[in-house]
Amino acid sequence: MEFEKTVSYLFLQTANIYRVKFEREMNKINLHYGQVFILISLWKTDGQSQTELAGNLILSPPTISKMVKNLSENDFVQIVQSEKDNRVTRVFLTSKGRDAETSFLELFQELERDFFAGLTETERLIFLQLCEKIKEHAA
């Protein structure tokens with residue numbers, strides 16, 4: 001078997017190329033790859049606990065804690081201790097965090113358009129369906 005011609009290898013290679021390009025774009029707005037997923041989750045539902053974020057993003061609590069700390073240090077989020085339970089901390093977007101959504105969406109749409117420019121509209125739809133199917137099965 002030629003490893004380089006397996007679906008797994010090509011998927012990993014393509015995902016790595018995309019991640020490098022994605023990271024480069026996110027650096028323009030002072031964000032890193034993983035941090036974006038926290039912000040996306042907070043743009044949907046602000047004020048989640050770190051435990052909720054970890055569960056929603058399928059990441060370990062220490063990983064979430066580190067990313068939230070970095071986002072807080074860069075003024076994208078504010079960490080607030082729960083008044084009801086001191087063990088719970090909630091994460092809220094700052095105005096900078098809310099404002100980052102517009103810049104993120106512009107960069108994200110541009111990257112998606114450029115990265116997948118070689119696909120027809122039909123191929124894009126098929127690829128989208130395949131990714132959704134793989135994600136559902138893998139989760």
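By convention here, the first residue in the shown sequence is residue 1.
- Counting non-hydrogen atoms of neighbouring residues, nucleotides and ligands closer than 6.0 angstrom, the NZ atom of K96 exceeds 12 such neighbours.
- To the nearest 0.5 Å, atoms CG (N30) and CG (D75) are separated by 11.5 Å.
- Listed here is the closest heavy atom pair of I29 and A100: CD1-O, 4.5 Å.
- With a 4.5 Å cut-off on side-chain heavy atoms, R124 and E112 count as touching.
- Within a 6.0 Å sphere centred on CD of E83, heavy atoms belonging to other residues, nucleotides or ligands number 12 at most.
- Judged by distance alone, with hydrogens and angles left aside, the side-chain atoms of E101 form no donor-acceptor pair with the main-chain N or O of W43 at under 3.5 Å.
- Rounding to the nearest 0.5 Å places CG of L57 at 5.0 Å from CD1 of I64.
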Subject >> Candidate pair L59 and M67, rule side chain to side chain contact (heavy atoms under 4.5 Å, CB included), full reasoning >> reply: CA-CA 11 Å; L59 293 170; M67 287 193 289; 3.5 Å; yes
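- Side-chain heavy atoms closer than 4.5 Å link hydrophobic residues (I, L, V, M, F, W, Y) into clusters, and following such links, even through other members, never connects L119 to L10.
- In this structure a side-chain-to-backbone donor-acceptor pair under 3.5 Å is present from N27 to E23.
- At distances below 3.5 Å, not a single donor-acceptor pair connects side-chain atoms of N74 with backbone N or O atoms of F76.
- Note that CD1 of I79 is 5.5 Å distant from CD of Q50, once rounded to the nearest 0.5 Å.
- The OG1 atom of T51 lies 9.0 Å from the CZ atom of R90; values are rounded to the nearest 0.5 Å.
- From S103, atom OG reaches atom CE of M26 across 9.5 Å, with rounding to the nearest 0.5 Å.
- Rounded to the nearest 0.5 Å, atoms CD1 (I126) and CD (E121) are 10.5 Å apart.
- With side-chain heavy atoms closer than 4.5 Å counting as contact, directly or through intermediates, V7 stands alone and belongs to no larger hydrophobic cluster.
- Using a 4.0 Å cut-off between charged side-chain N and carboxylate O, E25 and K21 make no salt bridge.
- Side-chain heavy atoms closer than 4.5 Å link hydrophobic residues (I, L, V, M, F, W, Y) into clusters, and following such links, even through other members, never connects L128 to L111.
- Grouping the Ile, Leu, Val, Met, Phe, Trp and Tyr side chains by contacts below 4.5 angstrom, directly or via other members, places I134 apart from F11.
- For F127, the CZ atom is loosely surrounded, since the number of other residues' heavy atoms within 6.0 Å does not exceed 12.
- Follow the hydrophobic side-chain contacts under 4.5 Å out from L93 and you never reach V88; the two are in separate clusters.
- In this structure, F104 and F108 have parallel ring planes: the angle between them is below the 30° cut-off, well short of the 60° mark.
- For OH of Y18, the number of neighbouring non-hydrogen atoms (other residues, nucleotides, ligands) closer than 6.0 Å is greater than 12.
- Checked against V91 for a side-chain contact (heavy atoms from CB on, under 4.5 Å), the options L71, V80, V77 give a single hit: V77.
- Taken together through direct or relayed side-chain contacts under 4.5 Å among Ile, Leu, Val, Met, Phe, Trp and Tyr, L12 and F115 form parts of separate hydrophobic clusters.
- T45 and Q48 make their closest contact through O-NE2, 2.9 Å (heavy atoms, listed as atom of the first residue, atom of the second, distance).
- Tested against V68, the residues T63, T89, L42, I38 include a single side-chain contact (heavy atoms from CB on, under 4.5 Å) partner, I38.
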